[in-house]
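These figures come from a predicted structure and were not determined experimentally. First listed ligand is number 1; within each ligand, the first listed atom is number 1.
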Amino acid sequence: MPSGILGFPVAPFAQNGKLDENAFAANLNFLLDAEVSSLFIACGSGEYQSLTRSEYQQMIEIALSITDMKVPVFSGVGGQLEQALDLAQLSQNLGVDGYLILPPYLVHGEQEGLYQYYKLIAESTDLQAIIYQRDSVVFQTETLKKLAQIPQVVGFKDGRGIMEQITELKQEIGNELVWMNGLPFAEITQPIYHSLGFQSYSSAISNYIPHISKLFYQAIQQDDRKTITTLYQEVLLPINRVRKKRAGYAVSLIKSGMEIMGLPVGESVRAPLIPVEKEHYQELAAILTHTMDRFPPT
Ligand SMILES: O=CCCC(=O)C(=O)O
């Protein structure tokens, strides 16, 4: 199971709205050069909800080809149950190492229903399965305990940030799972999650300023409070303030950050996401200019 900084590439779309395979490959190579511990393909930042089945397959095939087993590759599966089961099988057939099970869409489930949804998907293949708590899903301890008993279930990723709940989950279930911080801008809360024993997190900014991700991760590991505070004040909190200005900026701001840093991605996102507005784009550009001046990549 991966630990440390988890890479979550985007799904670049060309001017014609189609998946830009070359830009996607460039994003993957950039993340590999940044030494992320693993790649999570077609998840939230990869606009899972908007991909066609063939785009999904293309992204996984490109990722497996480029990584060439250098790092583990996980895919996103979820939403409508039958689609999730189909994509889980496709992921296994293509050769991924595991998948992140995203929540169901449109409906809120009772605990028993959530248990059955994640169990059916996790048991549908032999792959490593990571339970992703986000949006409509909040697990009770007993539910996650039962899921942790499923052999394929190896990890839990939190995207809700309910501190009391995840403290109890971690204390009650412990080392039966690998624990990951999966909040939209995980660096912001990672010092807290680290203290709870969550050693890994999905890093959106590793798509465009990976040296900051690594600097921050190392500062947390070494309890270097001075560096943590400096990065919070000068980089992370300013970016997060822009991210919070519009729904969906957790994804579209990644593409703008990559565009500003000269990475070939294009800014288009698929509805209901919206591209970053000019004013916010300029705010992010100013933050990144300051970031590169103050913390140049070594
Ligand atoms: O990129 C940050 C969050 C990534 C994530 O959890 C997802 O893509 O689902």
If you take the centroid of each ring, where Trp contributes its six-membered ring, are Phe139 and Tyr115 closer together than 6.0 Å?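 Not under 6.0 Å, so no.
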
How about Tyr249 and His280: are their ring centres within less than 6.0 Å of each other?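 Judged by ring-centre distance (under 6.0 Å), Tyr249 and His280 do meet the cut-off.
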
Looking at residues at least two apart in the chain, or sitting in another chain, which of them share a side chain to side chain contact (heavy atoms under 4.5 Å, CB included) with [X]?
{"X": "Lys244", "result": "Asn240"}
{"X": "Glu259", "result": "Val265, Glu267, Tyr281"}
{"X": "Ser124", "result": "Leu85, Ala88, Tyr99"}

Residues around ligand 1, heavy atom under 4.0 Å from any ligand atom, sorted by chain and number. Can you pull those?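 Those residues closer than 4.0 Å to ligand 1 by some heavy atom are Phe8, Cys43, Gly44, Ser45, Tyr132, Arg134, Lys157, Gly182, Pro184, Ser202, Ala204.
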
Mind checking whether Tyr56 and Tyr48 have parallel, tilted or perpendicular rings, split at 30° and 60°?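 The arrangement is perpendicular - the two ring planes meet at more than 60°.
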
